[in-house]
Protein chains: 2
Amino acid sequence: MIDTRFSVSIQIMMTVAHHKDELVTSELLANALDTNPTFVRKMVSRLVEADLLNSYRGKGGGIELARKPNQISLNDIYIASTNEKKLINVHNKPIVKTCEVSCCIKSVLNNLVDGIETSTQSYLAKKTLHDLMKQV
Amino acid sequence: MIDTRFSVSIQIMMTVAHHKDELVTSELLANALDTNPTFVRKMVSRLVEADLLNSYRGKGGGIELARKPNQISLNDIYIASTNEKKLINVHNKPIVKTCEVSCCIKSVLNNLVDGIETSTQSYLAKKTLHDLMKQV
DNA sequence: ATAAATGTGTCAATTATTGTTACATTAAAT
DNA sequence: ATTTAATGTAACAATAATTGACACATTTAT
């Protein structure tokens, strides 16, 4: 099953941003995303923890942006939503000691994965939620 | 289940490169990768189709590089191994017509995904199999 | 108290990847 | 020609990560 958490998080952030100056509920977000409130809240709780959203419990509660859209980079959202998961996965096969390539493959792949992450994150860091909202 | 095809393809290419001037069998590769020959052959057949490997059937057959290591970029391997799959997946939720964000989210996400792909591919295009072999 | 919201744990459902088996095809060697 | 040893591939099973669903605790305004 493919991972769409970054996409879902982007849409959550954009929808909250679109409802400027009001609190939105996880039920509203779940309707807009054709999913269920529990899943939304799990995503939202990561974004809250990353200080991108504020959430308020109890009657009249809901969710709002924690910062202005131009102060929220897409890399902030990426980091919060994927939680350590990398774009490219290094396999976890055991090392075959008789194979010189197998013996060094982990470090080769880890270097490569780190490079891709750094490259992508610097790309995402240049774009903000505000940039995306201009497309609405 | 996580996708490790790019990592596996890198290791296949490196292992074939390491056995310079000889043909390697899918069984040898399967041992080095702690997997089975059929899975290896599925990966190899994509790399053959992309003109990165040559394969020879029949007794005495096997696999060799189709080009010199410095003529094979990591982007070539990436393109061949992932086959249209993107680093970031756009979700496939239905559009909710009453939500302005939902109505434009697909184009916003597709733009973003394209940007990430382009950025990453240009990063990978600068590195070659030869660069990786220096780390063995 | 009640109502309405988030927070979270658990388990089921879905689905993409990986593994397995079987067999067709090919080509060298005897 | 037959045998042997290799790739190619189709079909199906097993595994595991993501998503969905449900229950219930917690919080807060009315």
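First the proteins, then the strands, lettered A, B, ... as listed; each starts at 1.
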When you look at A/Phe6 and A/Leu124, which way does the side-chain contact (heavy atoms from CB on, under 4.5 Å) test go after all the steps?
CA-CA 12 Å; A/Phe6 183 47; A/Leu124 290 173; 4.3 Å; yes
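In this entry the distance linking CD1 of B/Ile2 with P of C/dT18 reads 8 Å, nearest Å. Between the CZ atom of A/Phe6 and the P atom of D/dA17 there is a distance of 22 Å, given to the nearest Å. Taking atom CZ on A/Phe39 and atom C1' on D/dC22, their separation rounds to 16 Å, with Å as the unit. Atom CG in B/Asn92 sits about 14 Å away from atom C1' in C/dT14, given to the nearest Å. Rounded to an integer number of Å, the gap from CD of A/Gln11 to P of D/dT19 is 13 Å. Between B/Leu23 atom CG and C/dA28 atom C1' there is a gap of 13 Å when expressed in whole angstrom units. Residue A/Asp34 contributes atom CG, which lies 20 Å from atom P of D/dT18 at whole-angstrom precision. In this structure, A/Asn83 atom CG and D/dT19 atom C1' are separated by 17 Å, rounded to whole Å.
The backbone N or O of B/Ser7 sits nowhere less than 3.5 Å from a side-chain atom of B/Thr4 that would complete a donor-acceptor pair. A donor-acceptor pair is defined here as one N or O able to donate and one able to accept, closer than 3.5 Å; such a pair exists between the side chain of A/Ser102 and the backbone of A/Val96. When atom types are taken as modelled, the side chain of B/Glu117 and the backbone of B/Leu87 share a donor-acceptor pair closer than 3.5 angstrom. Distance alone, capped at 3.5 Å, places no donor-acceptor pair between the A/Arg67 side chain and the A/Ile72 backbone.
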Which letters describe nucleotides 3-12 of chain D, given B = protein heavy atom under 4.0 Å from base, S = only from sugar-phosphate, - = neither?
-BBBBBBBB-
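If you check every strand for non-hydrogen atoms under 4.0 Å, A/Asp3 touches sugar and phosphate atoms only.
Using modelled atom types and a 3.5 Å distance limit, the side chains of A/Ser73 and A/Asp76 yield a donor-acceptor pair.
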